[in-house]
Amino acid sequence: MVRGSSAVNRRAVHKLRQLGISTVGSVKIKILLCCCITLTLLVLAGPASSFMGWTNHGNSSDRLSSLRGRYAIVMNTWKRYDLLKQSISHYVSCPRLDSIHIVWSEPELPSKSLKSFLNHIVQSNSGNGHQVELKFDINMEDSLNNRFKEIKDLKTDAVFSIDDDVIFPCSSVELAFSVWQSAPDTMVGFVPRMHWVDESKGKDHYIYGGWWSVWWTGTYSMVLSKAAFFHKKYLNLYTNEMPASIREYITSNRNCEDIAMSFLIANATGAPPIWVKGKIFEIGSTGISSLGSHSERRTQCINRFVTEFGRVPLVPTSVKAVDSRSVWFW
Ligand SMILES: *[C@@H]1O[C@H](CO)[C@@H](O)[C@H](O)[C@H]1NC(C)=O
(Lines give C-alpha, C1' and ligand atoms only; values in the text may rest on other atoms or scores of the structure.)
Protein backbone atom coordinates (compact mmCIF):
# COMPACT_ATOMS: atom_id res chain seq x y z
CA MET A 1 0.00 0.00 0.00
CA VAL A 2 2.82 2.39 0.86
CA ARG A 3 4.27 2.97 -2.54
CA GLY A 4 7.50 4.83 -2.82
CA SER A 5 8.48 3.97 0.73
CA SER A 6 11.18 1.53 -0.31
CA ALA A 7 12.65 4.16 -2.58
CA VAL A 8 12.62 6.62 0.29
CA ASN A 9 14.39 4.06 2.46
CA ARG A 10 17.05 3.39 -0.13
CA ARG A 11 17.62 7.09 -0.40
CA ALA A 12 17.94 7.41 3.36
CA VAL A 13 20.49 4.62 3.52
CA HIS A 14 22.39 6.19 0.65
CA LYS A 15 22.41 9.52 2.44
CA LEU A 16 23.72 7.95 5.63
CA ARG A 17 26.50 6.34 3.61
CA GLN A 18 27.37 9.68 2.09
CA LEU A 19 27.59 11.11 5.56
CA GLY A 20 30.08 8.40 6.39
CA ILE A 21 27.76 6.56 8.74
CA SER A 22 28.16 3.18 7.16
CA THR A 23 28.42 0.66 9.94
CA VAL A 24 26.49 0.13 13.13
CA GLY A 25 29.76 0.27 15.04
CA SER A 26 30.61 3.79 14.02
CA VAL A 27 27.07 4.93 14.73
CA LYS A 28 27.41 3.63 18.27
CA ILE A 29 30.70 5.39 18.77
CA LYS A 30 29.22 8.64 17.53
CA ILE A 31 26.22 8.30 19.79
CA LEU A 32 28.48 7.67 22.75
CA LEU A 33 30.63 10.66 21.87
CA CYS A 34 27.57 12.87 21.53
CA CYS A 35 26.32 11.64 24.90
CA CYS A 36 29.57 12.60 26.57
CA ILE A 37 29.64 16.03 24.98
CA THR A 38 25.99 16.71 25.77
CA LEU A 39 26.34 15.59 29.38
CA THR A 40 29.34 17.85 29.83
CA LEU A 41 27.45 20.76 28.31
CA LEU A 42 24.44 20.09 30.52
CA VAL A 43 26.58 20.03 33.66
CA LEU A 44 28.25 23.27 32.64
CA ALA A 45 25.08 24.94 31.49
CA GLY A 46 23.00 24.02 34.55
CA PRO A 47 24.27 26.64 36.97
CA ALA A 48 25.49 28.94 34.19
CA SER A 49 22.12 29.34 32.54
CA SER A 50 20.54 31.03 35.54
CA PHE A 51 23.72 32.92 36.31
CA MET A 52 23.85 34.32 32.80
CA GLY A 53 20.19 35.16 32.78
CA TRP A 54 19.11 32.44 30.38
CA THR A 55 16.10 31.36 32.32
CA ASN A 56 12.76 31.79 30.65
CA HIS A 57 11.23 34.91 32.15
CA GLY A 58 8.55 35.23 29.50
CA ASN A 59 5.81 33.36 31.29
CA SER A 60 3.20 32.65 28.66
CA SER A 61 0.40 34.29 30.62
CA ASP A 62 2.07 37.67 30.94
CA ARG A 63 3.72 37.63 27.55
CA LEU A 64 0.86 38.96 25.53
CA SER A 65 -2.48 40.06 26.80
CA SER A 66 -3.69 41.40 23.48
CA LEU A 67 -5.87 39.30 21.20
CA ARG A 68 -3.03 38.84 18.75
CA GLY A 69 -1.53 36.61 21.38
CA ARG A 70 -4.68 34.54 21.80
CA TYR A 71 -6.63 31.95 19.89
CA ALA A 72 -10.18 30.67 19.63
CA ILE A 73 -11.17 27.03 19.87
CA VAL A 74 -13.71 25.84 17.30
CA MET A 75 -14.93 22.47 18.50
CA ASN A 76 -16.92 20.06 16.41
CA THR A 77 -19.25 17.86 18.42
CA TRP A 78 -22.02 15.36 17.86
CA LYS A 79 -24.23 13.89 20.57
CA ARG A 80 -21.49 12.97 22.95
CA TYR A 81 -22.11 15.32 25.84
CA ASP A 82 -19.78 13.59 28.27
CA LEU A 83 -16.88 13.98 25.84
CA LEU A 84 -17.83 17.58 25.19
CA LYS A 85 -17.85 18.34 28.92
CA GLN A 86 -14.52 16.61 29.40
CA SER A 87 -12.87 18.44 26.49
CA ILE A 88 -14.14 21.88 27.46
CA SER A 89 -13.16 21.33 31.09
CA HIS A 90 -9.66 20.59 29.92
CA TYR A 91 -9.07 23.29 27.30
CA VAL A 92 -10.57 26.10 29.37
CA SER A 93 -7.53 25.86 31.63
CA CYS A 94 -5.07 26.51 28.78
CA PRO A 95 -3.34 29.87 28.76
CA ARG A 96 -3.87 32.21 25.79
CA LEU A 97 -7.29 30.77 25.02
CA ASP A 98 -9.74 33.56 24.22
CA SER A 99 -13.01 31.86 23.34
CA ILE A 100 -14.62 28.51 22.65
CA HIS A 101 -17.10 28.03 19.82
CA ILE A 102 -19.05 24.81 19.83
CA VAL A 103 -20.23 23.82 16.35
CA TRP A 104 -23.72 22.45 16.98
CA SER A 105 -25.42 20.56 14.15
CA GLU A 106 -27.95 18.45 16.05
CA PRO A 107 -31.68 18.82 15.36
CA GLU A 108 -32.32 19.53 19.07
CA LEU A 109 -30.93 22.69 20.57
CA PRO A 110 -28.39 22.25 23.40
CA SER A 111 -30.20 21.51 26.63
CA LYS A 112 -30.41 24.00 29.50
CA SER A 113 -28.48 21.69 31.77
CA LEU A 114 -25.64 21.22 29.28
CA LYS A 115 -25.41 24.95 28.74
CA SER A 116 -25.36 25.79 32.41
CA PHE A 117 -22.83 23.04 33.15
CA LEU A 118 -20.45 24.36 30.51
CA ASN A 119 -20.98 28.00 31.43
CA HIS A 120 -20.21 27.15 35.01
CA ILE A 121 -16.97 25.38 34.03
CA VAL A 122 -15.87 28.27 31.88
CA GLN A 123 -16.69 30.93 34.46
CA SER A 124 -15.10 29.15 37.39
CA ASN A 125 -11.98 28.53 35.34
CA SER A 126 -11.10 32.05 34.36
CA GLY A 127 -7.58 31.47 35.57
CA ASN A 128 -4.73 33.23 33.81
CA GLY A 129 -6.58 36.51 34.39
CA HIS A 130 -8.72 36.15 31.30
CA GLN A 131 -12.41 35.37 31.08
CA VAL A 132 -12.88 32.78 28.36
CA GLU A 133 -16.02 33.20 26.29
CA LEU A 134 -18.22 30.22 25.42
CA LYS A 135 -20.58 30.21 22.44
CA PHE A 136 -22.76 27.69 20.68
CA ASP A 137 -22.88 28.12 16.92
CA ILE A 138 -26.22 26.56 16.05
CA ASN A 139 -26.68 25.09 12.57
CA MET A 140 -29.98 24.10 11.01
CA GLU A 141 -28.48 21.70 8.49
CA ASP A 142 -26.36 18.73 9.56
CA SER A 143 -23.23 19.03 7.45
CA LEU A 144 -19.53 18.54 8.02
CA ASN A 145 -19.03 21.93 6.36
CA ASN A 146 -20.54 23.55 9.46
CA ARG A 147 -17.25 23.32 11.28
CA PHE A 148 -15.71 25.75 8.79
CA LYS A 149 -18.51 28.31 8.71
CA GLU A 150 -17.49 31.90 9.28
CA ILE A 151 -17.84 33.06 12.86
CA LYS A 152 -19.12 36.62 12.84
CA ASP A 153 -17.77 37.90 16.13
CA LEU A 154 -14.47 36.04 16.16
CA LYS A 155 -11.93 38.35 17.79
CA THR A 156 -8.75 36.37 17.25
CA ASP A 157 -7.04 35.57 13.97
CA ALA A 158 -6.00 32.14 15.17
CA VAL A 159 -8.49 29.29 15.11
CA PHE A 160 -7.72 26.02 16.86
CA SER A 161 -9.99 23.49 15.19
CA ILE A 162 -10.54 20.41 17.34
CA ASP A 163 -12.84 17.40 17.63
CA ASP A 164 -14.59 16.76 20.92
CA ASP A 165 -12.91 13.37 21.38
CA VAL A 166 -9.23 14.25 21.33
CA ILE A 167 -7.37 15.98 24.12
CA PHE A 168 -3.94 17.55 23.89
CA PRO A 169 -2.15 18.88 26.97
CA CYS A 170 -2.04 22.68 27.15
CA SER A 171 1.73 22.55 26.65
CA SER A 172 1.24 20.87 23.25
CA VAL A 173 -1.43 23.39 22.25
CA GLU A 174 0.84 26.24 23.32
CA LEU A 175 3.68 24.86 21.19
CA ALA A 176 1.45 24.55 18.13
CA PHE A 177 0.11 28.07 18.67
CA SER A 178 3.65 29.45 18.84
CA VAL A 179 4.52 27.69 15.60
CA TRP A 180 1.38 29.11 13.99
CA GLN A 181 2.32 32.63 15.12
CA SER A 182 5.56 32.22 13.18
CA ALA A 183 3.67 31.11 10.09
CA PRO A 184 0.11 32.45 10.32
CA ASP A 185 -0.85 31.56 6.73
CA THR A 186 0.06 27.94 7.29
CA MET A 187 -1.95 25.12 8.76
CA VAL A 188 -0.26 23.82 11.90
CA GLY A 189 -1.45 20.59 13.44
CA PHE A 190 -0.87 17.35 15.28
CA VAL A 191 -2.26 14.70 12.91
CA PRO A 192 -0.29 14.38 9.65
CA ARG A 193 -1.46 12.52 6.53
CA MET A 194 -0.03 11.99 3.05
CA HIS A 195 -1.18 11.61 -0.54
CA TRP A 196 0.82 9.03 -2.48
CA VAL A 197 0.97 8.55 -6.21
CA ASP A 198 -0.77 5.29 -7.07
CA GLU A 199 1.63 3.98 -9.67
CA SER A 200 -0.55 0.98 -10.44
CA LYS A 201 -3.22 3.33 -11.78
CA GLY A 202 -1.03 5.86 -13.56
CA LYS A 203 0.64 8.95 -12.22
CA ASP A 204 -2.52 11.03 -12.01
CA HIS A 205 -4.07 8.76 -9.44
CA TYR A 206 -3.46 9.18 -5.75
CA ILE A 207 -4.00 7.19 -2.61
CA TYR A 208 -4.57 8.39 0.91
CA GLY A 209 -1.67 7.73 3.25
CA GLY A 210 -2.76 7.09 6.83
CA TRP A 211 -0.75 7.26 10.00
CA TRP A 212 1.41 4.20 9.30
CA SER A 213 2.71 5.49 6.00
CA VAL A 214 3.57 8.82 7.58
CA TRP A 215 5.28 7.08 10.47
CA TRP A 216 7.27 4.85 8.10
CA THR A 217 8.42 7.56 5.71
CA GLY A 218 8.36 10.69 7.87
CA THR A 219 6.62 12.43 4.98
CA TYR A 220 3.25 14.18 5.02
CA SER A 221 1.34 16.78 3.00
CA MET A 222 -1.74 17.44 5.15
CA VAL A 223 -2.58 17.96 8.79
CA LEU A 224 -6.12 17.09 9.78
CA SER A 225 -8.51 19.71 11.12
CA LYS A 226 -9.45 17.45 14.01
CA ALA A 227 -6.52 19.15 15.74
CA ALA A 228 -4.99 22.09 13.88
CA PHE A 229 -4.43 25.83 13.95
CA PHE A 230 -5.21 28.00 10.95
CA HIS A 231 -6.05 31.64 10.18
CA LYS A 232 -9.72 32.58 10.38
CA LYS A 233 -9.59 33.94 6.82
CA TYR A 234 -9.72 30.35 5.59
CA LEU A 235 -13.20 29.94 7.06
CA ASN A 236 -14.39 32.59 4.62
CA LEU A 237 -12.46 31.04 1.73
CA TYR A 238 -13.87 27.60 2.51
CA THR A 239 -17.46 28.74 2.83
CA ASN A 240 -17.66 31.46 0.19
CA GLU A 241 -14.86 31.00 -2.35
CA MET A 242 -14.27 27.29 -2.68
CA PRO A 243 -16.39 25.67 -5.43
CA ALA A 244 -19.79 24.70 -4.02
CA SER A 245 -19.49 21.29 -5.68
CA ILE A 246 -16.76 20.39 -3.17
CA ARG A 247 -18.93 21.33 -0.21
CA GLU A 248 -21.86 19.40 -1.67
CA TYR A 249 -19.68 16.34 -2.15
CA ILE A 250 -18.63 16.57 1.50
CA THR A 251 -22.18 16.95 2.77
CA SER A 252 -23.47 13.97 0.82
CA ASN A 253 -20.50 11.72 1.57
CA ARG A 254 -20.24 12.76 5.24
CA ASN A 255 -16.47 12.76 4.97
CA CYS A 256 -13.33 14.63 3.89
CA GLU A 257 -14.00 18.22 5.00
CA ASP A 258 -10.55 18.07 6.57
CA ILE A 259 -8.91 17.00 3.32
CA ALA A 260 -10.70 19.83 1.50
CA MET A 261 -9.38 22.37 4.03
CA SER A 262 -5.86 21.01 3.50
CA PHE A 263 -6.28 21.39 -0.28
CA LEU A 264 -7.64 24.90 0.12
CA ILE A 265 -4.82 26.16 2.32
CA ALA A 266 -2.12 24.46 0.22
CA ASN A 267 -3.68 26.01 -2.89
CA ALA A 268 -3.59 29.45 -1.27
CA THR A 269 -0.05 29.23 0.12
CA GLY A 270 1.80 26.89 -2.23
CA ALA A 271 3.49 25.57 0.91
CA PRO A 272 3.22 22.47 3.09
CA PRO A 273 1.56 22.47 6.51
CA ILE A 274 3.57 22.06 9.71
CA TRP A 275 3.36 18.99 11.90
CA VAL A 276 3.87 19.67 15.59
CA LYS A 277 4.77 16.99 18.07
CA GLY A 278 2.08 16.64 20.69
CA LYS A 279 0.78 14.13 23.18
CA ILE A 280 -2.63 12.93 22.05
CA PHE A 281 -5.29 11.41 24.29
CA GLU A 282 -8.23 9.93 22.42
CA ILE A 283 -11.16 9.91 24.82
CA GLY A 284 -13.84 8.67 22.42
CA SER A 285 -13.60 5.14 21.11
CA THR A 286 -15.41 5.18 17.78
CA GLY A 287 -14.97 7.74 15.08
CA ILE A 288 -15.44 7.40 11.35
CA SER A 289 -11.77 6.55 10.96
CA SER A 290 -12.31 3.24 12.74
CA LEU A 291 -14.98 2.14 10.28
CA GLY A 292 -14.01 -0.17 7.45
CA SER A 293 -13.38 1.20 3.94
CA HIS A 294 -12.27 4.44 5.54
CA SER A 295 -9.10 4.80 3.52
CA GLU A 296 -10.78 3.92 0.21
CA ARG A 297 -13.26 6.71 0.81
CA ARG A 298 -10.46 9.11 1.65
CA THR A 299 -8.64 8.06 -1.52
CA GLN A 300 -11.78 8.85 -3.53
CA CYS A 301 -11.95 12.28 -1.90
CA ILE A 302 -8.36 13.10 -2.80
CA ASN A 303 -8.85 12.18 -6.45
CA ARG A 304 -12.13 14.06 -6.58
CA PHE A 305 -10.54 17.21 -5.13
CA VAL A 306 -7.57 16.97 -7.50
CA THR A 307 -10.09 17.11 -10.34
CA GLU A 308 -11.94 20.03 -8.73
CA PHE A 309 -8.78 22.06 -8.12
CA GLY A 310 -7.37 21.13 -11.53
CA ARG A 311 -4.07 20.14 -9.95
CA VAL A 312 -2.51 18.73 -6.79
CA PRO A 313 -1.93 21.71 -4.52
CA LEU A 314 -0.61 19.56 -1.64
CA VAL A 315 3.11 19.91 -0.97
CA PRO A 316 4.93 17.04 0.79
CA THR A 317 7.39 17.79 3.55
CA SER A 318 9.19 16.02 6.37
CA VAL A 319 9.58 18.91 8.80
CA LYS A 320 8.38 18.38 12.36
CA ALA A 321 8.30 21.03 15.07
CA VAL A 322 9.21 19.95 18.58
CA ASP A 323 9.72 21.69 21.90
CA SER A 324 13.50 21.96 22.09
CA ARG A 325 13.40 21.86 25.88
CA SER A 326 12.14 18.29 25.69
CA VAL A 327 14.83 17.06 23.29
CA TRP A 328 18.12 17.17 25.10
CA PHE A 329 19.82 14.92 22.57
CA TRP A 330 20.61 16.98 19.48
C1 LIG B 1 -6.44 28.07 -6.12
O2 LIG B 1 -5.59 29.21 -6.14
C3 LIG B 1 -5.72 29.99 -7.31
C4 LIG B 1 -4.63 31.02 -7.28
O5 LIG B 1 -4.58 31.69 -6.07
C6 LIG B 1 -7.12 30.58 -7.33
O7 LIG B 1 -7.28 31.41 -8.47
C8 LIG B 1 -8.13 29.45 -7.34
O9 LIG B 1 -9.43 29.96 -7.27
C10 LIG B 1 -7.90 28.50 -6.20
N11 LIG B 1 -8.73 27.33 -6.39
C12 LIG B 1 -9.64 26.95 -5.51
C13 LIG B 1 -10.44 25.75 -5.89
O14 LIG B 1 -9.84 27.52 -4.47
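Ligands are counted one by one from 1 in listed order, and the atoms in each one are counted from 1 as well.
- No close placement of the Phe160 and Phe177 rings is indicated, their centers lying 6.0 Å or farther apart.
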Using ring-ring contact (aromatic ring centres under 6.0 Å, His included), reason through Phe281 and Phe168 one step at a time and then give a plain yes or no. CA-CA 6 Å; Phe281 298 94; Phe168 292 87; 8.4 Å; no
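- Taking the side chain to side chain donor-acceptor pair (under 3.5 Å) definition, one finds that Ser116 meets it with nothing, sequence neighbours left out.
- The side chain of Pro243, and not its backbone, has at least one atom closer than 4.0 Å to an atom of ligand 1 (non-hydrogen atoms only; side chain from C-beta on).
- Per-atom contact check: atom 9 (O) of ligand 1 does not touch the protein, criterion being a heavy-atom distance below 4.0 Å.
- Within 4.0 Å of atom 14 (O) of ligand 1, at least one protein heavy atom is present.
- Salt bridge annotation for Asp157-Lys233: absent, with no cationic side-chain nitrogen under 4.0 angstrom from a carboxylate oxygen.
- Atom 5 (O) of ligand 1 has as its closest protein heavy atom Asn267 O, 4.6 Å.
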